[in-house]
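This report refers to the structure that appears directly beneath it.
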Amino acid sequence: MRFMRWSRYLIPTTKEVPKDAVVASHQLMLRAGLIRQLAAGIYSYLPLGYRALRKVERIVREEMDRAGAIELHMPVMHPIELWQQTGRTQAMGDVLLKLRPVKDGDESDWRAQTVLGPTHEEPVTEIARAYLNSYKLLPVNLYQIQVKFRGEARPKSGVLRTREFLMKDAYSFDRDKAGLDASYQKMYDAYCRIFSRCGLPYIVCEAESGPIGGDASHEFMVLTDAGEDFVAVSENGDYAANTERATCAPLPQDESLMQEMKEVHTPGQRTIEEVCAFLKTKPAQMIKTLVYAETSKSQNVEKSKSEAPGVFVVLVRGDHEVNENKLNRVAGTRLELAPPETIRKLTGAEVGFAGPHTLGKSVVAHTLIVDQAVAVMRNAATGANKTDYHVTGINPGRDFPLTGDHVTVADVRTVIDGDLSPTGSGSPIRIKKAIEIGHVFKLGTKYSDAMKATFLDSDGKPKPLIMGCYGIGLNRIMAAAIEAHHDETGIIWPTSIAPFAVLIVALDPREKDVMDTAEKIYNELTAAGIDVLFDDRDERAGFKFKDADLIGIPVRITVGRKALAEGVVELKERAKGEVEKVGPEEVVSRAVALILGTMSK
RNA sequence: CGGGGCGUAGCUCAGUCUGGUUAGAGCGCCUGGUUUGGGACCAGGAGGUCGCUAGUUCGAAUCUAGUCGCCCCGACCA
C-alpha cells in the first residue's frame, strides 16, 4: 500500500502571512499551501487544495445526481455568434473574454469569432434546441462542472472573486410554468443538502435576477465580512434578501403638525451633509430630489426612437439611497441620473437645489416618483428650485402631489439597518456582508425565445422551452468554509470537505516502534476507507503540531515515543482542545466513529 | 475605468528621500554538529537581470520619463 507521506507530498506551509492577502480565508489558503497565485484572479490549486476542491465537487455531483439532474460537459470556447443571438455580447460587455486574431483587426480569423464562456446558457440552449423537441422528453435538467472565464475588472479576496473559476451550472427545461416551479424546488432542496453537507452556515436570500433575466431567484449566502454582497436579514430570521432587492415594512405616517413652508438662503450648500449642518437638521428630515432620465442605451431603442427620453423626478429621504433595480421596475424602463443641463432646465436652478414643490410648473414634462418613506414625512427640508436656496416645512400632499397622473408613490429605496421586516412581524432588519455560494433562477423563455428552442407540445404546437438555471461556485465553497471555520492557528475543515480526514503525526520517526505503530494505524484506517495523511517528517514536535493546526485536518493521531511507553497514542479533534489517550488497538475505531459523527454536520 | 499603495532571494522586509565598496537581514533551503512533546541552537553554504525599457551621470536599486505587473478603496459584477 502506498503511503501519503508528508515528506513525499507537496504541502508548502508558511509561517508568515503573504502581504497581498487580506481576508482570513485567503491568508490561510496561502499559508496552508492550498493555492498559489499565478496572476491577478488566477490560482493554481496545490495538491492539498485540490483534494478539498474535489471533495466539494463530489458532494455536488452526488446531490445533483440524486436530484435527477444529468451530467454533461460543454466547451469553454464558444462561437461569438451564439452570444449575439441572445444579445448578451453587449449585456456582458468586458466580462466576455475574446480570443485575439493572429493579425490585429482581422475579424475573419476564427479566433476573433471565439469567446471564453463566462456561463453556459447559450451552449446548453443550443443542445436543447437540437434535441429536446418533444414534451415527452421533458422535464430535463442538464448540469456540468466546468471552468468559467470572466474579465472581472477587479479580482479580490483570493479565491472569492477570480477571472477563472470552477462552477457547477445546471439548466432545467420544462414544458410549462408548473414544471419549472417543480424543477426549481428540486434544485433549491438539492442546494440546501449540498451546503449542509459541506458544513457551511448558509442562509437563503431572495435575490435580484439581474441581467440574466427571469422572474424569481434565490441566493445561498454565507454571512462573513469577507463577502462582497450585502444582505438584509431580520433579527428573528423571518426574512432574508439581497439588498439589491430587499423591501421592508412601510414607515408610519409622521403626525406632527404641518408648519409653513419657508425659503432659506443657503449659499453654496448643496450636499445633504452641508445643508443639514447649515439648517441644523438631520438627513432623515430632508428630501433628496434626484432627476433621472431614460437611458439611451440599446435596451430602449424602440421607445427612444419615437419620443424624447422621459424625465423622472425621484424623491427619497436624505438618509436613504435610491435602489435603481426597484426604480427601473416602477418606472417600467431603464433610468440613469440625468445630465446637469436637464436638471437646470427642469428646475431653473443650479444642480444641488432641486425640490418637488414647484415642479408642477416646470417647462419639462416629467413623472414624479415619491418613495414611500418620503410620502409619510412632515415638515421636511429640500431644495427650492432656486440657486442657493432651500425650503423648510415642506409637506407631502400639501406642497407637492402624492396622487394624480404622472405621480407614483412606491418603494424605490434600498433598505437600511433598523428597517422592519416586510413580513409584518416587526422584527428589525440588519444589513450584513455575505459570500454568494449558490444562485438559483427561474429564467422562463428568455433564451429559448432568443434562440428559437421550441418543443412540440401534446397539442401539436411548438412552444418555447421553459428554463431555469442553477449555479454553484465551488472555489467559493472552499473559501467560505474556511471563513466560517478557522481560528488564530489555522483552518478547521468540516470533515466532509477536508483534504484528509485523519492526520497521523509520528513524533519520533527514527524510532522503529513509533513508525511501526503509526503505519499499522495508517493501514487500518485506509482499509476502512478513510483518507489519511501521514506526517513522517523528521522535525520537532512543536513544528509539526503548528503545521497540523494550520492545515486543519479534522482528526489528529499522535504517535510518539513517550506516549507509546505508556502503551497509548493520542487522539485529538482539530475543532476541540482536549487530547485523548487511547490504546493503539482501539484508536482506529475511535477515529472512524469521530469522522462518521462529524461527517454530516 | 477613477483614486491610493507597492514591485529588491521561494516568503516577509531594510536600503531609495540625500546616486559612490562586492546589494543586506529574518524565515525557508543545502552541509555538518548539538538538540528533540507546541514553529530549537551553533558553524558553514547555495540562492538576486533590484519588474521592464529608455534617459541623466564618471558612476543608478537609488534621479527622470515611459511601460508592465500586483494589492486596496470606489465604479462594475450572469
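So you know, we letter chains A, B, ... as the sequences are listed, proteins then strands, and number each from 1.
- With a cut-off of 3.5 Å on both pairing distances, A9(B) has no Watson-Crick or G-U wobble partner at all.
- In this structure, Tyr292(A) and Leu337(A) have side chains that are in contact, with non-hydrogen atoms separated by less than 4.5 Å.
- When rounded to the nearest whole Å, the span between CD1 of Ile11(A) and P of G28(B) equals 18 Å.
- Contact annotation: the side chain of Ser448(A) never approaches that of Ile466(A) to less than 4.5 Å [non-hydrogen atoms, C-beta and beyond].
- Backbone-only contact: Ser157(A) has heavy atoms under 4.0 Å from sugar-phosphate atoms and none from a base.
- Atoms NZ (Lys148(A)) and P (C77(B)) sit 20 Å apart, rounded to a whole Å.
- Put simply, Arg154(A) has no side-chain N or O that comes within less than 4.0 Å of OP1 or OP2 on A75(B).
- Using the Watson-Crick or G-U wobble rule with both distances under 3.5 Å, G39(B) pairs with nothing in any strand shown.
- The aromatic rings of Phe441(A) and His439(A) sit parallel, their planes meeting at an angle under 30°, below the 60° perpendicular limit.
- Contacts of Ala563(A) with the nucleic acid, taken as non-hydrogen atoms under 4.0 Å apart, include base atoms.
- Residue contacts shown for Ala153(A) include a base, since a base heavy atom lies under 4.0 Å away.
- Lys19(A) comes within 4.0 angstrom of the backbone, heavy atoms only, and of no base.
- What separates NZ of Lys572(A) from P of G37(B) is a distance of 18 Å, to the nearest Å.
- Straight-line distance from the CZ atom of Arg163(A) to the P atom of G69(B): 9 Å, rounded to whole Å.
- Arg537(A) comes within 4.0 angstrom of nothing in the nucleic acid, heavy atoms only.
- For U16(B), there is no paired nucleotide, since no Watson-Crick or G-U wobble pair has both relevant distances below 3.5 Å.
- The partner of A54(B), taking Watson-Crick or G-U wobble pairs whose two distances both stay under 3.5 Å, is U64(B).
- In the set C76(B), C73(B), U12(B), the nucleotide with an atom closest to the side chain of Pro18(A) is U12(B).
- Within 4.0 Å (heavy atoms only), Lys156(A) reaches sugar-phosphate atoms of the nucleic acid but no base atom.
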